[in-house]
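Heads up: the structure comes next, in structure tokens.
Residue numbers start at 1 and run along the sequence shown.
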Amino acid sequence: MTSSWSGRLTELGIELPQVVAPLAAYVPAVRTGTLVYTAGQLPISEGELLATGKVGAEVSADEAKTLARQCALNALAAIDALVGIDSVVKVVKVVGFVASAPEFGGQPGVINGASELFGEVFGDAGAHARSAVGVSELPRNAPVEVEVIVEVA
């Protein structure tokens, strides 16, 4: 294992994306004390929303899990731009929102896409508290949104 998170990303073949520009009046991430809070991150890559619709209808649970991973990558990019990824001490909390079709109850499995990424990158420091919430709508008709709180040095 490398001695840095940036080195670990390289080992995993993961390149952090560009920080997603805010869609309204907020910033991608903010630091207070030793915590960094990210804004809710949508599954955007290269400026494009990767999918739209409800999970359990237009979007499969497996596809949504992959989209949650993209949200997590976008959160890491926001953290990296603010304080540098190597300053992360611990992933504290992940909150995932899943735009859910009626009767869809697989929100925890969808948000595992984000949680598993944090485990891959940060190992034990990636273990976190989490909420996975089903909602009726998300911005831009996105299927999933993820926000993260990390402790930094």
Shared ILVMFWY cluster between [X] and [Y], side chains joined below 4.5 angstrom?
X   : Y    : value
V91 : Y37  : no
L49 : V55  : no
V20 : V36  : no
V98 : F118 : yes
V83 : V88  : yes

Interatomic distance, [X] atom [atom1] to [Y] atom [atom2] [nearest 0.5 angstrom]:
X    : Y    : atom1 : atom2 : result
E11  : W5   : CD    : CH2   : 11.0 Å
I79  : I149 : CD1   : CD1   : 10.0 Å
E63  : L67  : CD    : CG    : 5.0 Å
I85  : R8   : CD1   : CZ    : 13.0 Å
R140 : I44  : CZ    : CD1   : 4.5 Å
L42  : L23  : CG    : CG    : 6.0 Å

Show the nearest heavy-atom pair for residues [X] and [Y], with the distance to one decimal.
X    : Y    : answer
P143 : T52  : CD-CA, 4.1 Å
I111 : V94  : CG2-CG1, 4.3 Å
Q41  : A78  : NE2-CB, 4.4 Å
Q70  : P17  : NE2-CG, 4.1 Å
P108 : G105 : CD-O, 3.9 Å
A72  : L117 : CB-CD2, 3.6 Å

Just wondering, do S131 and K93 contact through their side chains at under 4.5 Å, heavy atoms?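 Yes, their side chains come closer than 4.5 Å.
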Using a 4.5 Å cut-off on heavy atoms from C-beta on, say whether the side chain of F122 contacts that of V150.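 The answer is no; the side chains never approach within 4.5 Å.
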Test E145 against C71 for side chain to side chain contact (heavy atoms under 4.5 Å, CB included), laying out the working first. CA-CA 6 Å; E145 181 174 352; C71 295; 5.6 Å; no
Worked verdict on V59 versus F104 for side chain to side chain contact (heavy atoms under 4.5 Å, CB included): CA-CA 11 Å; V59 179; F104 179 76; over 6 Å; no
Verdict with supporting geometry, T34 and V89, side chain to side chain contact (heavy atoms under 4.5 Å, CB included): CA-CA 9 Å; T34 61; V89 173; over 6 Å; no
Heavy-atom count around E58 CD within 6.0 Å, excluding the residue itself: above 12? yes
Side chain to side chain donor-acceptor pair (under 3.5 Å) partner of N112, the single match among R130, K65, R69: R130
Do V92 and H128 pass the side chain to side chain contact (heavy atoms under 4.5 Å, CB included) test, and can you show the C-alpha distance, the side-chain angles, and the key distance before you say yes or no? CA-CA 5 Å; V92 177; H128 53 270; over 6 Å; no
V144 and side chain to side chain contact (heavy atoms under 4.5 Å, CB included): which single residue from V135, V110, T66, L50 fits?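 Only match with V144 under side chain to side chain contact (heavy atoms under 4.5 Å, CB included): V110.
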